[in-house]
Amino acid sequence: MNEKLRVLVSVDLDGAKAQVKTQGHVTVQSIQGLYDVMKRADSLVPGLSLELDMTLADVEPQAMEELRGCARSHHLPLQVDPLQRDYRFSILAPKTAAPKLAVLPVAESVLAAA
């Protein structure tokens, strides 16, 4: 799958909330851009509550675990936010995570024929 990551940010300054709606394929590499968007949204209002809506995204399991770890620690990765500010965000998980790549065993008859 080579679907680009698309992000839409909706901000309610009165309620100090922002929703980061993500679509496309979220990988461990593309998640870095998502962190930058979250950091920028949080900079609008100190203590902003972020909702990361991943319901329409195809998220690799490793990327989802990384996001959950950030939500638990209330920090973005050090390379994204060296100051390690406190982030309050929740994750609306995708309906199904992108499948892991499976390594299938090669049958002995295939190896013998090679």
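Side chains included, hydrogens not; waters and symmetry mates left out as well; all remaining heavy atoms used.
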If we only count heavy atoms from C-beta on, is the [X] to [Y] side-chain gap below 4.5 Å?
X     : Y     : result
Val20 : Phe89 : no
Met54 : Leu67 : yes
Val11 : Val45 : no

Between [atom1] of [X] and [atom2] of [Y], what distance do you get to the nearest 0.5 Å?
X     : Y     : atom1 : atom2 : answer
Thr22 : Leu56 : OG1   : CG    : 9.5 Å
Ile91 : Leu52 : CD1   : CG    : 6.0 Å
Ser49 : Arg88 : OG    : CZ    : 4.5 Å
Lys21 : Arg6  : NZ    : CZ    : 12.0 Å
Asp58 : Thr27 : CG    : OG1   : 11.5 Å

*asked:* Is it the case that atom CZ in Arg40 sees more than 12 heavy atoms from other parts of the structure closer than 6.0 Å?
replied: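 Check fails, neighbour count at 12 or below.
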
*asked:* Counting only heavy atoms from other residues, nucleotides and ligands, does the tally under 6.0 Å from NZ of Lys17 exceed 12?
replied: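 No, the 6.0 Å shell around NZ holds no more than 12 heavy atoms from other groups.
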
Could you pull out the closest heavy-atom pair between [X] and [Y], with the gap in Å?
X     : Y     : answer
His25 : Ser30 : O-OG, 3.4 Å
Leu76 : Lys39 : CD1-CB, 4.1 Å
Val26 : Ala57 : CG2-CB, 4.0 Å
Tyr35 : Glu66 : OH-OE2, 2.9 Å
Ala63 : Ile31 : O-CD1, 3.5 Å
Pro94 : Val59 : CG-CG2, 3.8 Å

*Considering residues at least two apart in sequence or located in another chain, which fulfil the side chain to side chain contact (heavy atoms under 4.5 Å, CB included) criterion with Leu78?*
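Side chain to side chain contact (heavy atoms under 4.5 Å, CB included) list for Leu78, sorted by chain: Gln84.
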
*asked:* Could you go through Gln23 and Leu8, starting from their C-alpha distance and side-chain angles, then the distance that decides it, and tell me whether this counts as side-chain contact (heavy atoms from CB on, under 4.5 Å)?
replied: CA-CA 9 Å; Gln23 294 181 344; Leu8 175 66; over 6 Å; no

*asked:* When you group the ILVMFWY residues by side-chain heavy-atom contacts below 4.5 Å and let the links chain together, are Leu44 and Leu50 in the same group?
replied: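 Yes, Leu50 connects to Leu44 through the hydrophobic network.
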
*Following the transitive rule for hydrophobic clusters with a side-chain heavy-atom cut-off under 4.5 Å over Ile, Leu, Val, Met, Phe, Trp and Tyr, establish whether Leu83 and Val37 coincide in one cluster.*
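Cluster IDs for Leu83 and Val37 differ.
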
*Go through His75 and Asp81 one step at a time and tell me if the side-chain contact (heavy atoms from CB on, under 4.5 Å) criterion holds.*
CA-CA 8 Å; His75 295 94; Asp81 184 19; over 6 Å; no

